[in-house]
Amino acid sequence: MFWEYPDKRRFAILPMAAILLVGVITTGCEENQETGEEPGNSVEEEEPLVLPSKEEFADQLNVPLMDSLSQRRSVRDYSEEALTLKELAALLWSAQGITEEERGYRVAPSAGATYPMEVYVLAENVEGLNAGLYRYSPGSL
């Protein structure tokens with residue numbers, strides 16, 4: 001059975017326009033007013049961190065779909081135990097990892113294989129990783 005709802009799409013235009021306007025206004029706000037240069041990283045440029053390969057954490061991904069779905073729970077009591085780099089790599093691969101090297105296909109679907117979404121990690125308790133904000137770049141290495 002279906003219920004008819006009033007068309008609310010016209011109300012979505014205003015928030016979308018506001019978000020676009022804020023994006024346009026804030027683009028480049030942090031550039032140096034004297035030189036016009038954009039700021040670099042807040043820390044010195046470092047070599048990218050190489051995460052464990054898919055083969056190294058494949059055992060963590062070998063879970064039947066129905067088991068994963070039935071065991072999924074929201075958790076609000078977090079462990080003090082640190083994540084390993086292998087666990088972090090498995091989590092990141094599950095979000096945006098490359099599933100086909102030749103074409104660059106990823107785990108998450110994307111219209112036209114453009115993959116506009118980016119994954120960032122705010123690491124606080126990961127073994128072998130300094131606390132900080134990291135950008136996951138699955139195809140750059």
Side-chain angles (χ1 to χ4, degrees), residues 1-5 7-141:
M1 180 175 236
F2 295 99
W3 288 271
E4 186 175 333
Y5 291 98
D7 187 8
K8 295 195 178 6
R9 287 179 286 184
R10 63 177 177 234
F11 298 116
I13 292 173
L14 185 59
M16 287 190 298
I19 291 169
L20 179 61
L21 182 60
V22 168
V24 170
I25 290 172
T26 59
T27 300
C29 279
E30 296 181 13
E31 68 184 29
N32 185 322
Q33 297 301 320
E34 295 174 13
T35 64
E37 295 177 1
E38 291 189 20
N41 291 336
S42 59
V43 294
E44 292 182 24
E45 294 286 331
E46 295 181 14
E47 289 293 317
L49 173 70
V50 178
L51 293 171
S53 68
K54 183 180 170 191
E55 291 75 28
E56 294 179 62
F57 58 78
D59 59 317
Q60 295 178 357
L61 300 174
N62 193 16
V63 178
L65 177 62
M66 294 308 288
D67 288 348
S68 289
L69 294 174
S70 65
Q71 294 174 15
R72 193 220 55 82
R73 299 287 179 270
S74 295
V75 176
R76 289 174 183 81
D77 294 321
Y78 302 106
S79 169
E80 294 294 323
E81 186 178 337
L83 282 178
T84 65
L85 275 179
K86 194 188 276 190
E87 290 169 332
L88 178 62
L91 181 63
L92 292 171
W93 183 89
S94 298
Q96 279 290 326
I98 295 179
T99 58
E100 186 180 319
E101 293 287 334
E102 187 176 305
R103 294 183 177 169
Y105 290 162
R106 297 188 190 178
V107 172
S110 174
T114 57
Y115 303 103
M117 300 293 288
E118 292 188 357
V119 176
Y120 289 83
V121 174
L122 180 57
E124 292 184 14
N125 196 8
V126 179
E127 290 177 9
L129 189 62
N130 292 331
L133 182 65
Y134 295 85
R135 179 177 162 259
Y136 178 55
S137 181
S140 65
L141 300 174

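- Counting all heavy atoms, side chain and backbone alike, Gln96 lies closest to Ala108 at NE2-CB, 3.6 Å.
- Between Phe57 atom CZ and Thr84 atom OG1 the span is 10.5 Å, to the nearest 0.5 Å.
- Note: Glu81 CD to Glu87 CD = 7.0 Å, rounded to the nearest 0.5 Å.
- Checked against side chain to side chain contact (heavy atoms under 4.5 Å, CB included), Val75 has no partners two or more places apart in sequence or in another chain.
- Remark: Arg103 pairs with Glu100 by the salt bridge (Lys or Arg N to Asp or Glu O under 4.0 Å) rule, at least two apart or across chains.
- The side-chain hydrogen bond (donor to acceptor under 3.5 Å, both in side chains) check on Ser110 picks up Thr114, with sequence neighbours excluded.
- Checked against side-chain hydrogen bond (donor to acceptor under 3.5 Å, both in side chains), Glu118 has the following partners two or more places apart in sequence or in another chain: Tyr120, Arg135.
- Using a distance-only test at 3.5 Å, with no hydrogens or angles considered, a donor-acceptor pair links the side chain of Glu56 to the main chain of Ser53.
- In this structure, Glu127 has no side-chain hydrogen bond (donor to acceptor under 3.5 Å, both in side chains) partners at least two apart in sequence or on a different chain.
- Note that CG of Leu88 and CG of Leu49 are 8.5 Å apart. Values are rounded to the nearest 0.5 Å.
- Asn125 places a side-chain N or O within donor-acceptor distance of the main-chain N or O of Glu80, the cut-off being under 3.5 Å.
- Of all heavy-atom pairs between Glu124 and Ala131, the closest is CA-CB, 4.4 Å.
- Each of Leu51, Thr99, Ile98 was compared with Trp93 under the side chain to side chain contact (heavy atoms under 4.5 Å, CB included) criterion, and only Thr99 meets it.
- With sequence neighbours excluded, the residues satisfying side chain to side chain contact (heavy atoms under 4.5 Å, CB included) with Ala113 are Tyr105, Tyr115.
- A distance of 7.5 Å separates CG in Leu91 from CG in Leu83, rounded to the nearest 0.5 Å.
- Taking OH of Tyr134 as the reference point, atom CG of Leu92 lies at 12.0 Å (rounded to 0.5 Å).
- Within the 4.5 Å cutoff, the side chain of Val107 has no heavy atoms near those of the Ser94 side chain.
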